[in-house]
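Atoms within a ligand are numbered from 1 in the order they appear, just like the ligands themselves.
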Amino acid sequence: MDRVNLYSDTQTRPTEGMRRAIAAAEVADEQRGLDPTVNALQERVAELLGHEAGLFLPSGTMCNAIALRLHIRPGGDAVLLDRTAHPIVAEAGGPAALSGAFPQPLDGDGGIFTAQQVEAALAAPGDRYAPRSRLVSVEQTTNMGGGRVWPLATVHEVLAVARRHGLRAHLDGARLLNAVVASGVSAADYASGFDTAWLDFTKGLGAPVGAVLAGSRELIDEAWRYKQMWGGAMRQAGIVAAAGLYALDHHVERLAEDHAHARVLAEGLAAIPGVEIDAARVETNIVIFAVPDAAGLAAGLEEAGVEASRLDSRRVRMVTHLDVDRAGVERALAAVRDTLGRP
Ligand SMILES: *Cc1c(COP(=O)(O)O)cnc(C)c1O
């Protein structure tokens with residue numbers, strides 16, 4: 001039987017249709033701005049996010065890295081972000097190493113912090129002791145926060161505080177379109193107030209490679225320098241950009257299925273003795289829950305052909321995506337039930 005891979009929504013394989021789009025892609029030298037497929041994808045994402053320009057990059061991590069480099073000035077500028085945010089937990093210290101950024105973690109709820117928390121964390125003007133507050137970064141949806149959707153009003157409040165205090169604002173939209181599909185708010189409404197915003201093609205959208213960073217023409221021109229400097233400039237990258245275009249045409253609305261599957265998973269888990277989860281907080285495709293022994297559960301799941309990701313000694317994360325169907329969700333639930341029910 002096939003394995004049920006709930007490790008992450010990065011685990012998808014390109015579909016037949018996507019592979020055909022890849023095979024048919026028109027390509028040319030991307031570094032020289034000549035690849036028509038890359039250019040089309042950049043323009044499409046810029047428009048979708050309500051920004052002037054876009055830049056195709058190999059990964060979301062590089063989008064965050066370049067954006068931080070654009071906003072952070074030498075001398076230990078602070079970036080305010082949730083303590084569970086990807087640049088803090090999963091980018092190998094890149095903010096410090098590549099941008100000299102001082103990450104200032106905020107204690108949000110499910111990865112979502114408030115404008116009041118931002119305001120309280122800001123350095124006072126002229127303060128020689130605190131790091132200079134420079135940038136606020138929002139993750140939509142929150143990954144390690146449990147796939148939560150930032151309400152538009154909260155985003156606007158945070159942006160208003162940022163503006164009032166002269167801060168730049170960055171949107172890590174790795175799963176922005178999950179938020180769009182879950183809430184009905186448009187991507188541009190969520191993203192246009194930020195100085196930089198991006199979305200990933202290798203999460204729920206199901207493409208093998210790539211992300212697009214968007215911003216003003218001026219910032220994106222500057223971003224090109226770092227793309228070149230850090231080795232992110234490619235050649236006939238239309239081969240992979242074609243998958244991104246295909247995903248925007250075919251894999252956005254279907255994210256609702258992933259959300260429905262995650263809900264079934266969450267509600268099923270909530271009914272299993274020994275599992276701690278608040279199923280009502282599962283809004284998109286990420287399900288995080290706690291058990292007494294996460295390593296034991298992971299081993300039992302592995303035996304049953306179900307992959308999940310173990311976050312720490314108690315917490316486990318399961319993520320639904322286009323390669324997981326309803327039957328897969330039921331198998332995962334049965335595997336959790338069996339493992340935890342063993343004497
Ligand atoms: C996956 C992810 C990233 C990094 O994207 P990659 O394409 O894997 O480099 C950044 N932020 C969040 C919230 C993510 O989930």
Below 4.0 angstrom from a heavy atom of Glu139, which ligand 1 atoms are there? Numbered from 1 as shown, please.
->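 Those of ligand 1 that fall under 4.0 Å from Glu139 are 13 (C).
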So the atoms of ligand 1 within less than 4.0 Å of a heavy atom of Asp200 turn out to be 5 (O), 6 (P), 7 (O)
Kindly assign one of parallel, tilted or perpendicular to the pair Phe113 and Trp150, based on the angle between their ring planes and the thresholds 30° and 60°.
-> perpendicular
Would one find more than 12 heavy atoms of other residues, nucleotides or ligands at under 6.0 Å from atom CZ of Arg32?
-> no
Any donor-acceptor pair under 3.5 Å linking the side chain of His251 with the backbone of Leu205?
->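 Checking the backbone N and O of Leu205 against the side chain of His251, a donor-acceptor pair under 3.5 Å is found.
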Of Glu139, Lys203, Gln140, which is the lone residue that meets side chain to side chain contact (heavy atoms under 4.5 Å, CB included) with Arg175?
-> Lys203
Is there a polar contact between ligand 1 and [X], counting only N or O atoms under 3.5 Å apart?
| X | result |
| --- | --- |
| Arg175 | yes |
| Lys203 | yes |
| Ala174 | no |

Indicate, as side chain, backbone, both or neither, the part of [X] found under 4.0 angstrom from ligand 1 when only non-hydrogen atoms are considered.
| X | answer |
| --- | --- |
| Thr142 | neither |
| Asp172 | side chain |
| Thr202 | side chain |
| Trp198 | side chain |

ILVMFWY network linking Ile88 to Val138, side-chain heavy atoms under 4.5 angstrom | no
Note, Met234 side chain near Phe56 side chain (heavy atom, < 4.5 Å) = yes
Minimal non-hydrogen separation, Gly238 against Asp35, with atom names | N-OD2, 2.9 Å
Nearest protein heavy atom to atom 9 (O) of ligand 1, by residue and atom, and its distance?
->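 Looking only at protein heavy atoms, the one closest to atom 9 (O) of ligand 1 is Thr61 OG1, 2.6 Å.
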